[in-house]
Structures are given as C-alpha cells and as structure tokens.
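Read the numbers this way: they start at 1 and go in the same order the structure lists the ligands and their atoms.
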Amino acid sequence: MVQKVKGKGIWWLLLICFSYTAGAQNPIIRNQFTADPTARVFDGKMYLYPSHDIPSPIERLKTWFCMADYHVFSSDNLTDWQDHGVIVCQENVPWVAPESYSMWAPDCVYKEGKYYFYFPSVPAGENRRGFAIGVAVSDKPYGPFIPEKHPIEGIGGIDPCVLIDHDGQAYIYWSGRGMSVAKLKDNMVELDSEPVQIEGLPEGFKEGPFVFERKGIYYYTFPWVEDKTEKLAYAMGDNPLGPFTFRGIIMDESPAGCWTNHHSIVEYQDQWYLFYHHNDYSPAFDKHRSARIDSLFFHTDGTIQEVTPTLRGVGVTAASDTIHPDRYNAVSASGAAFDFVNSEKPFEGWKLTLKEKDAWAVYNRVHFGQAKQKTITACVSSATGGQLRVQLNNDKKTLVSEIPIPAGSNWAVVQAPVIQLEEGIQDMYFSLISEGNIEIDWIRFE
Ligand code: FUB
C-alpha cells in the first residue's frame, strides 16, 4: 500500500516498510548464521570461510552445534558480501559420518596455484571416535573444492589453522587434547612432523587457534575460558612452533553470555581486522552465531590493543544505502535501545527506539560524496508521533534535517528535505527532539 501526503514542506510516503539488508554493520552476513569466521585475503579480495550453524533437523543436536556444510563469502570493501554458496558439505566428503552435522570451524590457505580448505568433522566407521581434520582442494578460493578421500593422518581434533611461513614451510595448528602444531608436507595434505603441544599458554580451556605473523613476531591467538565464557587471548613468539609468551586479552567475554567466541586476524588494505562471532540473531540460543568484524590495532611494541565489540562494525556506508541507526557507535545513557523489528524473524534485522526527549544515537562513517543529496527518507513507526532531528556529529552539529514522524500503528516511509550537508565521510547524530517514542528501521539519502 502506498499513500502520499503533503504538508509544510514535508512529503509523506506511507507504506509498509520492506526490510532492506545492507552490509557494513555487525553482524556482516544477514541471511544465515555464520560462526568461527576465518578471513583470508586472496588476490586483493577478502574471503570469509565461516562454519554454518543451522537449526538441527535431528533430535540429538537440538541443543548443540549443528553444521552440515560450508559457504564461502567474499568482499572488496568489507561492506558488501557475496555468498558463493556451498563449497563443501557432509554428504560429499567420503570420510565424514553421514548426518554427523559436525562441520566445525574451518580454514583455507593458498599455495602454488591451489587453495586448501581444512575442516574438522566426525569420521564414519564404528570404531572411530572424536573429530578428524580433512582437506578439500580447489583452483579458486570459492571452489569447486574436491575433498580428499581420507582425513589427515595423525590429527585428532578440531579448529584447524594453517600458517605458511616466509620460507614456504606450512604449519597446521589445532585444538582437542591440548593445543597442537605440526609441520605439513609440501603436498599440504599430510603431516611432516610429529604433533607437539604449544608451550607457554595459560591454564584453562582453550580451542580455536589462529596464528599469524607480523613484523617477525608470531602471534598465537585463541579462545580461552579464564572465568565463565570464552575470551579471545594471545601469546607471542619468534618461531611458528613456539614457545610462546602469553600476552593477554584481545576481546573480553561477551556480556550477553554467548559461550563461544572464535576469530581470525587479518590485514587488508593497510588496516588490521578482527573477525569474530556473537549470537546476535539468536539471543536465546548461543549455538546460532553470526560473524562480525571490528578494527584491530597494535601497540608500538607489537602487543595487541584490546578490541571492544561494536554494532557498527567497519567500512563506510554510502548515503544512498540503507543506514541502520540501530547498529550505532554510541547512544544516550537512557531512552535509546535496539530490538528486533520482528522477533519471530530475526533476520529482518533491528530497529532503534528513541523513547524519551533528547535520546540520541551516533552512527559513524556515512559517505555523502559531493553532498548533493536533497531528500532524507526514513522507515519509522511511532504510536505517539514525534520529531526526529538528524545532524552531522561534527563540532557544528550541522543540521541535516528534521523529520516529523506521524502517529500510527504501522511502519511508514517518510521523507523530508535535506537542509544542509557536508561532503565526504561524515558521522551522523540522530535525536528525538519532542516528547514521545519513535522507532527507526532505516534511513537513506537521495
Ligand atoms: O563451531 C563449533 C565450535 O565452537 C568451534 O569449533 C569452536 O571453536 C567453537 O567456536
């Protein structure tokens, strides 16, 4: 239904809102669960190899992890992600137990023209117990991947991570029965040394190793339970085989209680990023997780600055794209909150509620180009009606627009003229300047 209403320089365009899916904010993949995100840069493009949580079709896993396959995603800007579809599934791996639904955290590396995708799962066979780690090989980072017939001999465990050192030697790290490492042969599918335990790590449950090198320092990073749930922690060393020296926390426990975290750390276009997961789309069940990204910085001595998880994530949002203020950088101490638009359908995303006068939210990095936008469009809902002020969050608090929100019981798309803008990338400040209670799904500029 579309209804146009005109009044006082404001155009109202009332209709049922469509839920737009834009990238750039956390979580980054918005139509399926994506856990254990391993990010790798191949040919100047970011590829994401997560595991794929699904609601369990079998009783045994109804309250546990359940994963049948892997998708791969890619992005040039960390904002728009392309889903290349399923690259490996439990049915097409000869050694995996059918219906084990245990395609856990993977990794993928490139060596001499081939992409090697490493993944743990449960092997078939009556006497087989626990997890093994297999490999699938492709000519392209997005497949098709051909699985090896057997898992890697000599590994029992989960969460593979492969580091290829400057001399071409590859190392495989995994967890399960301790935290292990071994050399890989040139063929990348067999061990070339006996597994050894990583030395120098703190006591407590650990899994999900991710190892990378920067400026001659090897970083051994891992989820670690020091208290109640997993933190991301790290140790530093000067050899891929260790020993490592424990250096502290990369990301603290989730305040929302998601028990696992699992990550990767990668440099892209001169910026380091932490990929990790959180149960954004499934607050009541933490085995349905979603990949996130935040920027990561090093101190001058090479230690890692602790990362605070954000809703805003990374990347720049085009002013013409849908801006979701519910993925804010900051909000007022009271009167502002986010919630699902439709709690029955979490993938429809969130809304921002401003529920008292002067409640506000800040959303950073919107690109206005030459600032020629004339109209602001917002998808809003308000039982009371209210007045939304939109400003740039600069020293002058440039007034971009004021949008009267009509009282009503449905979502409505409203438009108002742009008063003033500035060129380039700007931070936005949204506030309720009247009494009332308004909800905002998205905003964009034309
Ligand atoms: O996704 C299943 C398991 O949960 C992973 O293998 C662990 O690292 C944890 O994230």
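When all heavy atoms are compared, the tightest approach of R40 to Y49 is CB-CE1, 4.5 Å.
Judged by distance alone, with hydrogens and angles left aside, the side-chain atoms of H324 form a donor-acceptor pair with the main-chain N or O of D441 at under 3.5 Å. No donor-acceptor distance shorter than 3.5 angstrom exists from the side chain of E230 to the backbone of D252, with no hydrogens or angles considered.
Less than 4.0 angstrom separates some heavy atom of T260 from each of these atoms of ligand 1: 4 (O), 9 (C), 10 (O). Those atoms of ligand 1 that come under 4.0 Å of a heavy atom in H277, given as number and element, are 10 (O). For ligand 1, the atoms lying closer than 4.0 Å to a non-hydrogen atom of M67 are 1 (O), 2 (C).
Of the options E230, R289, H262, M103, the smallest heavy-atom separation from atom 4 (O) of ligand 1 is shown by R289.
Residue contacts with ligand 1 for A105 involve both N, CA, C or O and side-chain atoms from C-beta outward (heavy atoms, distance under 4.0 Å).
Between D36 and ligand 1, an N or O atom pair is found at a separation short of 3.5 Å. At least one N or O atom of D159, backbone or side chain, sits closer than 3.5 Å to an N or O atom of ligand 1.
Geometrically, R312 engages Y363 in a cation-pi contact, judged by NZ or CZ lying under 6.0 Å from the ring centre and within 45° of the ring axis. For the pair R292 and F275, the cation does not sit on the ring face, since its NZ or CZ is not both under 6.0 Å from the ring centre and inside 45° of the axis.
In this view, H84 and Y142 satisfy the ring pair (Phe, Tyr, Trp, His ring centres under 6.0 Å) rule, not counting sequence neighbours.
With rounding to the nearest 0.5 Å, the separation of CZ in F205 from OG in S175 is 7.0 Å.
For atom 3 (C) of ligand 1, the closest non-hydrogen atom of the protein is W104 CE3, 3.7 Å. Of the protein's non-hydrogen atoms, the one nearest atom 9 (C) of ligand 1 is E207 OE2, 3.6 Å.
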